[in-house]
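Structure record follows, encoded as structure tokens.
Only a predicted model underlies this, so the values are computations on that prediction, with no experimental measurement involved.
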Amino acid sequence: MSGSGYHLVPRRAGTALFGASVPQVVLLGIGAGSVAIGPAVLGAGAGTVAGAGVLMLCLLLAFMRIGGEPLVHLLPVVIAFLIDTRGERGDGKKEANRPDLPGLPPSVELSTAPGRAGVSTRTGEAPGLILDRRNGTITAVLDVRGGPFGLLDGAGRDRRVVEWARVLTQFARETPVVHLGWTVQSGPGTAIAIPAQTLLRPGEAATSGARSRAKARSSAEQVRAYRQTLAEAAPFLARHDLRLWLTVRPMRGDRRADPRMIALAAADTLAARCGAAGLHVHAILSAADLHDTLLDHAIPPSLTSAGPGRGLDGSGVASFPGLAARAGLAAGAGAPPRRRLVPSGGFETQAFWDAMRIGATWHRVFWIAGWPTGTLHPGWLDPLLHEVPCVRTLAVAMRPVPWRASRRRINSETVSVDTAVHLRDRHAVRVPVGLAQAHDDIDRRDAELSAGYPEYAYLGLIDVAAPGRDELDDACAAIIDLAARCGIVDLRPLHGRHHRAWAATLPFGLVPRQSTTGAP
């Protein structure tokens, strides 16, 4: 970061051999070894032909690209997808083992904390946590209201970004913290169904007489006018839900405190630091709120409306909280808590190669494989955040990198860049612009690391939801165009991995493992 310019430095995962990855270098070694060993084992004629054939096969596996990925990286995905769908008839894999928690791995469960954190929940219930038994992590989710960032001038935005950088710097040194992340789920707005009794003041419903009946008629007229206004404004409304989550892994052997209390204390600290950085934390989500959030991402209410004045399942419960709750104000007396009901049989989950389906909603997950490499202004992501052509979720996970690991990576990348430039100069091969600018990026990272700012490894995913396959294709095309306007030109669909990667787009801290190329 320098002045008003911001940089997203890509992680170099290749080797010094023209940026080839480790699997590609191994395949090249196998091919070259086959050419050398083949004639000695099979004879001059047959050995040479066999060695050349193995070399060509290795070259195809190493450098042939399908969907932007080398074939050597795509083969494990195909094999894993075939194993997942073995023994199933049809085009996809059906999963109905968790009807109440669709799309979540079996190792994940929603739990209630044994106490209250410093941040209250919206409904006054105990805070909720996400427990991942496979990784031994605990995640807390905060409901956040973004401040007036878009109304600030350039200097004001710079100050807010510096304040957020200070928050990241502080949490990078917290030992139990494994990941930080945020998700923004956006979609077209719909009319908000509010029962008439929620607009009555306490005691009005129990009174009798002409005066109370007149008030009831007046309240009913207000409800009808309110619904009519929202119905007319529905095409121009947009819904944005911002969630900030923090994942901790308690230290083994530390029995001084309950691990869940450690996660709640970290969430309380995160809320306080976010308030200083200009983010308004409304509440920590309870277990019921986490369940509703899961269903909102799996079956977006705006895609499954059940008619005027009805909720998702036709129960009359509001599909969205009231405007007072959306603004972070206290809900009116008598307002029912928002709950999403699950059918008795649950939602059927089915995995396909190019999508996944939960209930009647289709999902496709994209991986942001290439972030912009030039200088960025603070509002560079505005088109993707503000424009809502469809229902989509933008999820960014950030993992703090230890100082020693950052220093080793800077040293190794310096050697890699110098070697790559030297090889290209020796063989008169053009040096790409990105490689020529790599030295400046390394020097900038070295200066920031020496100034005390830690590095974060970040992963960006986008989930697009639609009511059908054709609508999903149109929505994905619109999202790809919006991402290109932000400078994100390498947006890859995670074919064969949608049913696994979708859980990572939730604000639950379920960050997938990344391969040597950074792909989840």
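Between W353 and F81, the angle of the ring planes goes over 60°, which puts this pair in the perpendicular group of the 30/60° scheme.
With rounding to the nearest 0.5 angstrom, the CD atom of E387 is 9.5 Å from the CG atom of D382. The OG1 atom of T137 sits 9.5 Å away from atom CD1 of I130, with the distance rounded to the nearest 0.5 Å. Remark: D132 CG to E109 CD distance equals 9.5 Å, nearest 0.5 Å. Note that the CD atom of Q185 and the CZ atom of R392 stand 9.5 Å from one another [nearest 0.5 Å]. L384 contributes atom CG, which lies 5.0 Å from atom CD1 of I462 (distance to the nearest 0.5 angstrom). The NE2 atom of H498 sits 15.0 Å away from atom CZ of R357, with the distance rounded to the nearest 0.5 Å.
At distances below 3.5 Å, not a single donor-acceptor pair connects side-chain atoms of T505 with backbone N or O atoms of A501. At least one donor-acceptor pair under 3.5 Å links the side chain of R133 to the backbone N or O of P106. With hydrogens and angles disregarded, a donor-acceptor distance shorter than 3.5 Å links the side chain of S412 to the backbone of R408.
Within the 4.5 Å cutoff, no side-chain heavy atoms of W502 are placed close to those of L494. A heavy-atom distance below 4.5 Å is found between the side chains of R173 and T169. At least one side-chain heavy atom of L506 sits under 4.5 Å from a side-chain heavy atom of L104. The shortest side-chain heavy-atom distance between V167 and L180 does not fall under the 4.5 Å cut-off. Using a 4.5 Å cut-off on side-chain heavy atoms (C-beta onward), R497 and V365 make no contact. Counting only heavy atoms from C-beta outward, the side chains of L459 and R399 never approach each other to under 4.5 Å. No side-chain heavy atom of V401 sits under 4.5 Å from any side-chain heavy atom of P454. Contact of the H499 side chain with the T349 side chain is not registered, since no non-hydrogen atoms from C-beta on lie closer than 4.5 Å.
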Open item on the list: Walk me through whether L461 and F366 qualify under side chain to side chain contact (heavy atoms under 4.5 Å, CB included).
Closed with: CA-CA 6 Å; L461 299 174; F366 290 86; over 6 Å; no
Open item on the list: side chain to side chain contact (heavy atoms under 4.5 Å, CB included), that's the test. Do L381 and L394 meet it? Break it down for me.
Closed with: CA-CA 11 Å; L381 204 56; L394 173 62; 4.0 Å; yes
Task: side chain to side chain contact (heavy atoms under 4.5 Å, CB included) evaluation trace for I368 with L491 - done: CA-CA 5 Å; I368 302 178; L491 195 63; 3.7 Å; yes
TODO: Check the pair S286 / D289 against side-chain hydrogen bond (donor to acceptor under 3.5 Å, both in side chains), numbers first and verdict last.
DONE: CA-CA 5 Å; S286 64; D289 292 333; 3.1 Å; yes
- [ ] Output, in order, the C-alpha distance, side-chain angles, deciding distance and verdict of side chain to side chain contact (heavy atoms under 4.5 Å, CB included) for I138 and I262.
- [x] CA-CA 9 Å; I138 305 175; I262 296 177; over 6 Å; no
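The nearest pair of heavy atoms linking L472 to A355 is CD2-CB, 3.9 Å. Of all heavy-atom pairs spanning G103 and A503, the tightest one is O-CB, 3.8 Å. G181 and L244 make their closest contact through O-CD1, 3.1 Å (heavy atoms, listed as atom of the first residue, atom of the second, distance). Here the shortest heavy-atom pairing between A277 and R160 reads O-CD, 3.5 Å. Here the closest heavy-atom approach between residue L385 and residue S186 is recorded as O-OG, 4.1 Å. The two residues R243 and P507 make their nearest non-hydrogen contact at CB-CB, 3.7 Å.
For the side chain to side chain contact (heavy atoms under 4.5 Å, CB included) with L242, the qualifying choice from V144, D143, L142 is V144, the only one to do so.
Inspection of the T414 and N411 side chains reveals no N or O donor paired with an N or O acceptor under 3.5 Å.
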